[in-house]
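Notes follow once the structure below has been shown.
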Amino acid sequence: MASILRVNTLTDASSNNSTAMSTINQGTAKSWVCLKGSDTFAIRDSFNTASATDNGEGDYTTTRSNALANGDYATAGICSATGGGNPHYNFIVENSENSGTKIRTTTAFRTYILNARDSESTNDAPDYSMTFMGDLA
C-alpha cells in the first residue's frame with residue numbers, strides 16, 4: 001500500500017529550525033552529472049541525467065531524464081586541471097551560436113572545456129561536473 005506524506009513545513013526534533021517545503025523544492029538541484037572526460041568518456045555518477053555525449057575534444061552534451069520547465073535554469077560547473085608535464089587549468093563555457101544566443105534546451109546542455117593557458121583551445125578534462133537548478137516541467 002502506497003503512502004503519501006503531506007506537509008507544509010519540515011522542522012527539526014526541537015522545533016527550533018523549520019523550512020517551508022516550497023524552499024526545499026526551489027532550492028534543490030534538479031539534475032547533476034559527474035563525467036570522466038579523458039581516456040574512456042563515461043558518466044561517473046548522476047541524478048536525472050539520461051545520457052552524456054562526447055562531441056569531440058572538450059565538447060560535451062548532457063541530457064536530462066526529466067525536462068526543466070524552460071531554458072532559463074541556472075547551472076554551475078567545475079572541471080579538473082590537466083596533469084602531465086605541462087599542467088594547465090580548464091574552465092567551462094556554454095556553447096552558443098555565433099550571435100551569442102544560447103542553444104540550450106530544457107533537456108540538453110552543451111559545453112566546451114577550454115584551456116586557460118593555451119589560447120583557450122578545447123581539451124578533455126579528467127573530471128567534469130555540472131549541476132542544474134530550476135523548475136522541472
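In this chain, residues are counted from 1 in sequence order.
- A donor-acceptor pair under 3.5 Å is absent between the side-chain atoms of Thr9 and the main chain of Ser18, judged by distance alone.
- Atom CG of Asn8 is surrounded by 12 or fewer heavy atoms from other residues, nucleotides or ligands within 6.0 Å.
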Salt bridge (charged side-chain N to carboxylate O under 4.0 Å, His left out), that's the test. Do Arg110 and Asp59 meet it? Break it down for me. CA-CA 7 Å; Arg110 187 170 180 176; Asp59 181 358; 2.5 Å; yes
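- Considering every non-hydrogen atom in both Pro126 and Ser38, the closest pair reads CA-OG, 3.3 Å.
- Because its NZ or CZ atom is not both nearer than 6.0 Å to the ring centre of Phe47 and within 45° of the ring axis, Arg64 does not count as a cation-pi partner of that residue.
- Heavy-atom neighbours of Ile78 CD1 from other residues, nucleotides or ligands within 6.0 Å: at or below the threshold of 12.
- Of the possible polar contacts, one joining the Asp124 side chain to the Gly58 backbone as a donor-acceptor pair under 3.5 Å is found.
- Although no hydrogens or angles enter the test, the distance criterion places no donor-acceptor pair under 3.5 Å between the side chain of Thr106 and the main chain of Asn70.
- The backbone N or O of Ala69 sits nowhere less than 3.5 Å from a side-chain atom of Asp135 that would complete a donor-acceptor pair.
- Between the side chain of Thr105 and the backbone N or O of Thr107, at least one donor-acceptor pair lies under 3.5 Å.
- A donor and an acceptor atom, one from each side chain of Thr53 and Asn55, are nowhere located under 3.5 Å apart.
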List the steps and the verdict of ring pair (Phe, Tyr, Trp, His ring centres under 6.0 Å) for Tyr60 and Tyr112. CA-CA 6 Å; Tyr60 310 140; Tyr112 292 122; 9.5 Å; no
